[in-house]
Amino acid sequence: VTTYSFLVSLWTNCIFCFVDVQALRSIGYKTKPVDKDVPFDLKGSIIPNLNGYVSTGLYCSGWVKTGPIGVILSTMNDAFETADTILNDLQHGNLPTPSDSGDVLELLFTLPGLHPTSFSDWKLIDQVEQSHGRPKGKPREKVTSLEMMMNIIRTHSAQN
């Protein structure tokens, strides 16, 4: 947490005052390649895309799309842009369709590098993140490695 001091002018009363604002800084964030079959710009640490479109049926959003820029609102608007791109492709018949069932999820689960997980799996990862954060006085310590996430899920599955 960093404290910034700003000189604020309250124009209506011509009063000037200093205010301290605390802000969280995020430095050193760098996206890693998702999968060998997904294009990746190592220099920019992003998946090359056009408004979120990567290739037929593959889209991206957030910092993997733009790099570590902006605030939560920027990320949210970025997600809306990607959603608009997906809807546009859907409306114009540019998305592949499953041959038999019509179940789009079935198609998504066949994409290269995809490791489908359940909400229960996410809850397991969340519990581990919280337990790793507690000793550090943090709400959680994010698990950022896909391999580690999958190991958490596999370990729990093997125990049951």
Side-chain angles (χ1 to χ4, degrees), residues 1-2 22-42 44-160:
V1 176
T2 304
Q22 290 191 338
L24 296 173
R25 292 176 47 206
S26 176
I27 57 174
Y29 175 84
K30 195 169 189 172
T31 304
K32 297 177 182 174
V34 177
D35 184 86
K36 64 180 178 55
D37 295 324
V38 176
F40 193 76
D41 174 359
L42 289 170
S45 293
I46 62 166
I47 295 175
N49 67 89
L50 179 61
N51 298 324
Y53 173 85
V54 178
S55 62
T56 303
L58 183 61
Y59 302 86
C60 64
S61 185
W63 284 0
V64 74
K65 175 182 169 186
T66 63
I69 59 171
V71 295
I72 292 172
L73 181 60
S74 307
T75 304
M76 188 173 73
N77 286 329
D78 169 71
F80 291 150
E81 178 184 67
T82 298
D84 286 342
T85 301
I86 294 169
L87 287 175
N88 185 52
D89 283 355
L90 184 62
Q91 290 168 345
H92 289 94
N94 297 332
L95 289 176
T97 55
S99 55
D100 294 329
S101 69
D103 185 355
V104 175
L105 287 178
E106 193 176 305
L107 172 68
L108 291 175
F109 290 154
T110 65
L111 292 175
L114 187 67
H115 306 282
T117 57
S118 67
F119 182 64
S120 297
D121 294 336
W122 174 84
K123 288 181 3 182
L124 287 171
I125 295 167
D126 185 49
Q127 289 171 354
V128 169
E129 289 178 342
Q130 289 180 31
S131 69
H132 288 169
R134 253 182 244 111
K136 299 176 182 179
K138 297 166 49 176
R140 69 180 16 82
E141 179 73 22
K142 287 297 292 174
V143 173
T144 58
S145 158
L146 177 60
E147 183 179 339
M148 186 181 286
M149 290 179 199
M150 298 310 291
N151 282 338
I152 292 168
I153 294 167
R154 279 191 290 269
T155 301
H156 183 268
S157 296
Q159 292 173 353
N160 291 332

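Throughout, residue positions are numbered sequentially from 1 according to the sequence presented.
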Which residue pairs pass the side-chain hydrogen bond (donor to acceptor under 3.5 Å, both in side chains) test when at least one of the two sits in residues 64-74, sequence neighbours left out?
->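 Of all non-adjacent pairs touching residues 64-74, those that pass side-chain hydrogen bond (donor to acceptor under 3.5 Å, both in side chains) are K65-D78, K65-E81, K65-T82.
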
Please examine the side chains of [Y] and [X], heavy atoms only from C-beta on, and report whether any two atoms are closer than 4.5 Å.
X	Y	value
S145	N151	no
D41	I47	no
Q127	I152	no
P48	V54	no

Are there more than 12 heavy atoms of other residues, nucleotides or ligands under 6.0 Å from atom NZ of K32?
->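 It does not: K32 NZ has 12 such atoms or fewer within range.
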
Heavy atoms from other residues, nucleotides or ligands near CE of M76 exceed 12 (cutoff 6.0 Å) =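 Atom CE in M76 is packed in, count exceeds 12.
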
Test applied, side chain to side chain contact (heavy atoms under 4.5 Å, CB included); reference residue, M148; option that passes from V128, I125, V143 =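 For M148, the side chain to side chain contact (heavy atoms under 4.5 Å, CB included) test succeeds with only one of V128, I125, V143, which is V143.
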
K136: what forms a salt bridge (charged side-chain N to carboxylate O under 4.0 Å, His left out) with it, not counting sequence neighbours?
->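 For K136, the residues satisfying salt bridge (charged side-chain N to carboxylate O under 4.0 Å, His left out) (neighbours in sequence not counted) are E141.
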
Does K142 have any salt bridge (charged side-chain N to carboxylate O under 4.0 Å, His left out) partners at least two apart in sequence or in another chain, and if so, which?
->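 Scan of K142 (salt bridge (charged side-chain N to carboxylate O under 4.0 Å, His left out), adjacent residues dropped) gives E129.
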
Let me see the working for W122 and T117 under side chain to side chain contact (heavy atoms under 4.5 Å, CB included), right down to the final yes or no.
-> CA-CA 7 Å; W122 174 84; T117 57; 5.8 Å; no

Kindly compute the distance separating OG (S131) from CG (D126), expressed to the nearest 0.5 Å.
->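 Result: 10.0 Å between the selected atoms.
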
Once you round to the nearest 0.5 Å, how far does OH of Y53 lie from CG of L58?
->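 If I round to the nearest 0.5 Å, the distance is 9.0 Å.
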
Ignoring hydrogens, what is the shortest heavy-atom contact between [X] and [Y]? Give both atom names and the distance.
X	Y	value
S61	A79	OG-CA, 3.2 Å
L42	P33	CD2-CG, 4.1 Å
V64	T31	CG2-CG2, 3.3 Å

Looking at N49, T85, D89, N51, which one forms a side-chain hydrogen bond (donor to acceptor under 3.5 Å, both in side chains) with Y59?
->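 The residue from N49, T85, D89, N51 that satisfies side-chain hydrogen bond (donor to acceptor under 3.5 Å, both in side chains) with Y59 turns out to be D89.
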
